Number of protein chains: 2
Amino acid sequence: MARESRTKYAVLGMLNQGPKCGYEIKKELEKSSMFFWNESYGQIYPMLKKLVANGLSTLEVIERDEQPDMKVYTITDDGREELERWLRQPAEPHPIRNEMLLKLFFGASTSIDMNIAHVERLKDRLQRQQENLDQEREELIDEFGEDDQMVFFGLLTSGYGQTVNDALQKWCDETLEKLREMRS
Amino acid sequence: MARESRTKYAVLGMLNQGPKCGYEIKKELEKSSMFFWNESYGQIYPMLKKLVANGLSTLEVIERDEQPDMKVYTITDDGREELERWLRQPAEPHPIRNEMLLKLFFGASTSIDMNIAHVERLKDRLQRQQENLDQEREELIDEFGEDDQMVFFGLLTSGYGQTVNDALQKWCDETLEKLREMRS
DNA sequence: GGCTACATGTAACAAGTTACATGATTTT
DNA sequence: AAAATCATGTAACTTGTTACATGTAGCC
């Protein structure tokens, strides 16, 4: 996609939290509290190499016997500057694709039960996400305390997720009711 | 992206609402009430050609003097079957990328005012979207009435948007308050 | 014995955006 | 006179996913 990639900033931002290897970055992004971003290994590893080539990160190779080398990346001052420059820029809204809503929108072409099933699956996913979000919020506070700068912002984005999650669970319930009414 | 494309079903679904040309499909998808999906011309036009080649749509060329031909596509029974087969399949959650939240998450690396500006821009966008959503909901009901099958499902997806929009406006207000407290 | 976690990477491929080309008509 | 809307399309390009390759260590 010709849309300019944000992978660089996602990775720089992660490294700015502290030195990490590619695997750790991926693990972080897979947490429920990072619901708003994702990157694949196919993006992360080449980007890390590129960051070092451009002086935005340094690399320390940790050799471990019998296990593959671990590559720990550390952000440089230039890297931090690049990150901060991006942070000052307004965010561009990314186009959305929600398959569940697309199916529901065309729902007149299938049975009510099919539509109900789509909404129920969403509700299940929301409930699981909510539990994970709650758990990770607690872990975050336990580990760093509430006054930590990073925790403060983590709680803001986590709160966004919780807000949307709550609202959507209600929408699911209301929608399921309307669909069940339709059926009878 | 190796992830299987849903463009085919988005286009088929649109054609199922009635015969349309590529331009009209794009216009429909640009409406605020279609916030949950997007396609570019670069996807739509080649897909329409492919649908005809696969017998999922027929094509009628309307010649107009001095203006370029208009190509009106009509879904076939095979196309309708293909759409219905997809509607019966569970929806896969699409990965999300929200640049604004990524910036806020890394917010400790910039000034509070920058973070406030990000949230304020989101709030503006939400307000505009809300107005459009309200307007389009009214137009939909005025044009087809509340009992129409298509309208029923359109109102469900529109309601999803309104629910999230409401919740997010509240989140913006709360977040702005927290950020302003931080500043002092 | 098999599964999961740890750890790095790449190549092939698919998907999707943007910019361009073309040109009439309608609105501002 | 300029800008937007109507209308079709493609080529170049970027982005991003998936599948694969490789191997250890620890757990059930």
Side-chain angles (χ1 to χ4, degrees), chain A residues 1-11 14-15 19-31 34 36-53 57 59-73 92-99 102, chain B residues 1-11 14-15 19-31 34 36-53 57 59-73 92-99 102:
Chain A
M1 312 177 193
R3 168 182 305 278
E4 214 186 308
S5 177
R6 267 67 175 171
T7 297
K8 177 158 84 169
Y9 305 108
V11 172
M14 286 294 159
L15 292 183
K20 274 177 194 57
C21 68
Y23 186 80
E24 283 174 301
I25 291 174
K26 176 72 171 146
K27 237 189 357 185
E28 284 293 315
L29 288 170
E30 271 166 1
K31 285 187 183 171
M34 291 300 291
F36 52 83
W37 207 261
N38 74 295
E39 296 286 351
S40 64
Y41 285 125
Q43 300 274 108
I44 292 169
Y45 283 119
M47 182 51 70
L48 285 167
K49 195 176 272 187
K50 218 171 143 190
L51 291 179
V52 174
S57 168
L59 162 63
E60 187 194 1
V61 180
I62 296 173
E63 283 170 61
R64 302 170 301 169
D65 32 272
E66 309 293 346
Q67 276 170 276
D69 299 352
M70 189 167 67
K71 302 190 172 178
V72 176
Y73 294 86
E92 268 177 63
H94 271 254
I96 302 173
R97 288 191 160 192
N98 185 323
E99 192 182 2
L102 190 64
Chain B
M1 312 174 185
R3 169 182 304 280
E4 214 186 306
S5 176
R6 267 67 178 173
T7 297
K8 177 159 82 169
Y9 305 108
V11 172
M14 285 295 159
L15 292 184
K20 273 178 194 54
C21 67
Y23 186 80
E24 282 173 301
I25 291 174
K26 175 73 171 145
K27 236 188 359 183
E28 284 293 314
L29 288 170
E30 272 167 358
K31 285 186 182 170
M34 292 300 293
F36 53 83
W37 206 260
N38 74 295
E39 298 286 350
S40 63
Y41 284 126
Q43 300 274 107
I44 293 169
Y45 283 118
M47 181 51 71
L48 285 168
K49 195 176 273 185
K50 219 172 142 188
L51 290 180
V52 174
S57 167
L59 162 63
E60 187 195 1
V61 180
I62 295 174
E63 283 170 59
R64 301 170 302 170
D65 34 273
E66 309 294 347
Q67 274 171 277
D69 297 353
M70 189 166 70
K71 302 191 171 179
V72 176
Y73 295 84
E92 270 176 61
H94 270 253
I96 302 172
R97 289 191 161 190
N98 185 323
E99 191 181 3
L102 191 64

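What you are looking at is a predicted structure, and each value in this text was computed from that prediction instead of being measured. Just so we're on the same page: letters track the sequence lines, and every chain starts at 1.
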Looking at dT18(D), dG16(C), dT15(D), which one has an atom nearest to any side-chain atom of Ser40(A)?
dT18(D)
Here DNA chain C, pairs taken as Watson-Crick or G-U under 3.5 Å and shown with ( ), [ ] when crossing and | when to another strand, reads ||||||||||||||||||||||||||||
N/O (side chain, Tyr23(A)) to phosphate O (OP1/OP2, dC6(C)) under 4.0 Å:
yes
Base, sugar-phosphate alone, or nothing: which one does Arg6(A) contact when heavy atoms must sit under 4.0 Å apart?
nothing
Along DNA chain C (nearest heavy atom to each residue), the more 5'-positioned of Met70(A) and Lys49(A)
Met70(A)
What's the closest nucleotide to the Pro95(A) side chain, out of dA5(C), dT8(D), dT17(C)?
dT17(C)
Output all residues satisfying salt bridge (charged side-chain N to carboxylate O under 4.0 Å, His left out) with Lys26(A), sequence neighbours left out; order by chain, then residue number.
Glu30(A)
Rounded to whole Å, please give me the gap between CE in Met47(B) and C1' in dA14(C).
12 Å
Under 4.0 angstrom, heavy atoms only, what part of the nucleic acid is Gly22(B) near: base, sugar-phosphate, or nothing?
sugar-phosphate
Rounding to a whole Å, what distance do you find between Asp69(A):CG and dT8(C):P?
9 Å
Keeping the roles fixed (side chain from Glu24(B), backbone from Cys21(B)), state whether a donor-acceptor pair exists under 3.5 Å.
yes
OP1 or OP2 of dG16(D) under 4.0 Å from side-chain N/O of Thr7(A)
yes
For residues 41-53 of chain B, which residue pairs qualify under side chain to side chain donor-acceptor pair (under 3.5 Å), counting only residues two or more places apart or in two chains?
Thr7(B)-Gln43(B)
Between dT15(D), dG16(D), dT8(C), which nucleotide has the shortest distance from any of its atoms to the side chain of Glu4(A)?
dT15(D)
Distance check: side-chain N/O of Asn38(A) vs OP1/OP2 of dT17(D), anything under 4.0 Å?
yes
Closest-nucleotide mapping onto DNA chain D: is Arg97(B) or Gly42(B) further toward the 5' terminus? I mean the 5' end.
Gly42(B)
If the threshold is 4.0 Å, N to carboxylate O, is there a salt bridge linking Glu39(A) and Arg97(B)?
yes
Can you tell me if the side-chain N/O atoms of Arg64(A) get under 4.0 Å from OP1 or OP2 in dT24(D)?
no
Any idea which of dT8(C), dT17(D), dT15(D) is nearest the Tyr41(A) side chain?
dT8(C)
d(CG, Leu59(A); P, dT8(C)) in whole Å:
10 Å
Starting at atom CD of Glu30(B), determine the distance to atom C1' of dC6(D), rounded to an integer number of angstrom.
13 Å
With the side chain counted from C-beta on, respond yes when Ile96(B) and Asn38(A) share a heavy-atom pair under 4.5 Å apart, and no when they do not.
no
Salt bridge (Lys or Arg N to Asp or Glu O under 4.0 Å) assessment of Lys71(B) paired with Glu63(B):
CA-CA 9 Å; Lys71(B) 302 191 171 179; Glu63(B) 283 170 59; over 6 Å; no
Can you measure Tyr45(A) atom OH to dA11(C) atom C1' for me and round it to whole angstrom units?
17 Å
Closest to side chain of Cys21(B), choosing from dT10(D), dG16(D), dT8(D)
dT8(D)
Test side chain to side chain contact (heavy atoms under 4.5 Å, CB included) applied to Val72(A) and Leu59(A), step by step
CA-CA 6 Å; Val72(A) 176; Leu59(A) 162 63; over 6 Å; no
